[in-house]
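Just so you know, ligand 1 is whichever comes first in the structure, and atom 1 is the first atom listed for that ligand.
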Amino acid sequence: MMNLTLFVSFFVLGVIGWVIYKIFIWPFYISPLRKIPGPPSENPITGNFKELTTEESGFSEPQHRWVKKYGNIVKYHGLFNEPTLYIADSKIIQGMTLSNTYNFVKPFNASALAIAGIGLFFAEGENHRRQRKMMNPAFTYSNVKEMAPAFVRITLILKGLIENEVKLGKSNINLSPYLSKTTLDMIGIVGFSYEFNSLTSSNELAAAYESVFNLPASNLRIAISLLANYVPLVRQIPVDINKKFKNACAIIERVSKKLTEEKYNEAKYGELKGKDLLSLLININKTLPDEEKINDTELKHQIMTFLIAGHETTNVTTCWALHLLAQHPHEQDLLREELVKAFPDKSNFNPTYDEINSLEYLNCVTKETLRLNPPLPTITRTNLKDENTPIFIGVSALHKSTEIWGPTADKYNPKRWLDPSSIKDVTNLNYMPFFNGARGCIGSKVALVEIKILLGMLIRNFVFQPIEGLHIRRKVFPTPKPEPYLGLAVSIVES
Ligand code: HEM
Ligand SMILES: *[C@@H]1O[C@H](CO)[C@@H](O)[C@H](O)[C@H]1NC(C)=O
Ligand SMILES: *[C@@H]1O[C@H](CO)[C@@H](O)[C@H](O)[C@H]1NC(C)=O
Ligand SMILES: *[C@@H]1O[C@H](CO)[C@@H](O)[C@H](O)[C@H]1NC(C)=O
Ligand SMILES: *[C@@H]1O[C@H](CO)[C@@H](O)[C@H](O)[C@H]1NC(C)=O
């Protein structure tokens, strides 16, 4: 009895000691990062997390203030005061992207891993090297250009739906659900020839995916998904949120399995004719030596990988692009002029890959949107070679640095991309919406043509204006989205 009490007391003391060490001693007196300047911790449990997740209406995240105040390498405190590096220095970023890529792994991956599995996005080291090498040929120019007709087809459905609303006399339109569904339908088709048809009907995979990623983010939900990164067991607690999560995972698993099996059956009779990424991967796999192949499980995991990596990113980019064009009517007019000139006949506007990419101003508008509102404003890594230090790469801080972009760094100005002198300091190490190197976005060409077709066709057909009295804020966490929603006043371009 005595022994047990003694044991428990020691245990409790041990835990308390460890917690005090982790939260109050290690970060400030021992961590190799302790001397790096940065904002003081606001709270021992949440560190600087609260400031980081505060909604902002401007373009500026708290990190930008820190970079201005403390320099291009900032240390702040994460959960439980964990020292975290925020880096906006292109030399250091170069070391992480181009040379020592595999020393820096992705942290915070438990929840996403449970759904996506180890596809390209979550693979590390040799496994990633093999998958990436195998998948690269699926994303070449000749394959991506075949995707344009699918993007045009879905955009035409969207165009019809918006036109109907306007013709029914409704001009103030909430575009958030429309763009969310459009981009989901698009990645379904080009990713794995799956017709979500979410613009026009409901669908079980869309619902499952929605329930995992897109439920209103309650505090409990955020807490559980954050905690699951450290303690996977919290996913087993039988609360409603976890049950829904499990159900959704089961549906995703079943549908992905069915999709790959159908493709395999088809593939028995020779090369697959489909232009979707899944078909391309199966065809490529057949031509490779055994050690370079990917197996069935890995292929199945690419389905969710494409959805997670390719849906929300293009969704929010198009949302911000329209928001910015509505805020800047002159720029919207310039873009429409370019489109009208290239495609005088509105009813016969089915751009090809090359046609849409030849539009100079559309290209500037897309680049400028991704500069001011990169869907991934910070890239997170853990340094395996250095005490597992969490590192945040400050993409958005670089995108708004006056040292690189001059005094108008935080202004929307698509034309800057046409003026060599105003972009003379821009490189792929300080402008990187798609990151770069071996872990950069594999789908950037897909994303750009998708966004341009969607944007080009919408601006050719409609005029977008702000709704009076609707104030659209910029949510910064977990992804930068327009809040409360993207509402715009829409009218039809007559000819
Ligand atoms: C505007 C749209 C997009 C943006 C801004 C974007 C950005 C990024 C970024 C920054 C990364 C690196 C993330 C990290 O390492 O932490 C990434 C990776 C990735 N993206 Fe994209 N992406 C977009 C669209 C897409 C699309 C449409 C697809 C699929 C067709 C896609 C597939 C992927 C994949 C598979 C990875 C993992 C690559 C690897 O680790 O080797 N992305 N993306
Ligand atoms: C998940 O992240 C941890 C680092 O936090 C890393 O050690 C592990 O390899 C990652 N897992 C995968 C599959 O990427
Ligand atoms: C798409 O963007 C809108 C914001 O305009 C957001 O409300 C919606 O949740 C996004 N959908 C996805 C799947 O990210
Ligand atoms: C790749 O080829 C191997 C061996 O032929 C096969 O077992 C595997 O299922 C194939 N993987 C894919 C994704 O087609
Ligand atoms: C597929 O490869 C992964 C390694 O990436 C391995 O863990 C898994 O067991 C393999 N699955 C099958 C069915 O061979």
Contact residues of ligand 5 (heavy atom under 4.0 Å), by chain and number: Asn127, Arg130, Asn295, Thr297, Glu298
Test item: Asn430 side-chain N/O and Ile404 main-chain N/O as donor-acceptor pair under 3.5 Å: no
Donor-acceptor contact below 3.5 Å, side chain Tyr194 vs main chain Val255: no
Donor-acceptor pair, side chain of Arg474 and main chain of Asn373, under 3.5 angstrom: no
Partner set under ring pair (Phe, Tyr, Trp, His ring centres under 6.0 Å) for Tyr178, not counting sequence neighbours: none
Sidechain N-carboxylate O distance under 4.0 Å for Lys411, Glu368: no
N or O pair under 3.5 Å between Asn285 and ligand 4: yes
Test ring pair (Phe, Tyr, Trp, His ring centres under 6.0 Å) applied to Tyr269 - qualifying residues, sequence neighbours left out: none
Can you pull every nitrogen or oxygen pair between ligand 1 and the protein closer than 3.5 angstrom?
| residue | atom | partner | partner atom | Å |
| --- | --- | --- | --- | --- |
| ligand 1 | 15 (O) | Lys106 | NZ | 3.3 |
| ligand 1 | 15 (O) | Arg381 | NH1 | 3.4 |
| ligand 1 | 15 (O) | Arg381 | NH2 | 2.7 |
| ligand 1 | 16 (O) | Arg381 | NH1 | 3.1 |
| ligand 1 | 40 (O) | His128 | NE2 | 3.4 |
| ligand 1 | 40 (O) | Arg439 | NE | 3.0 |
| ligand 1 | 40 (O) | Arg439 | NH2 | 2.8 |
| ligand 1 | 41 (O) | His128 | NE2 | 2.6 |
| ligand 1 | 41 (O) | Arg132 | NH1 | 2.7 |
| ligand 1 | 42 (N) | Ala309 | O | 3.4 |

Geometric class of the Tyr412/His328 ring pair [parallel <30°, tilted 30-60°, perpendicular >60°]: tilted
Criterion ring-ring contact (aromatic ring centres under 6.0 Å, His included) against Trp66, the qualifying member of Phe392, Tyr86, Tyr76: Tyr76
Neighbour count above 12 (heavy atom, 6.0 Å) for Lys286 NZ: yes
side-chain hydrogen bond (donor to acceptor under 3.5 Å, both in side chains) evaluation trace for Thr389 with Asn383: CA-CA 5 Å; Thr389 304; Asn383 187 353; 5.7 Å; no
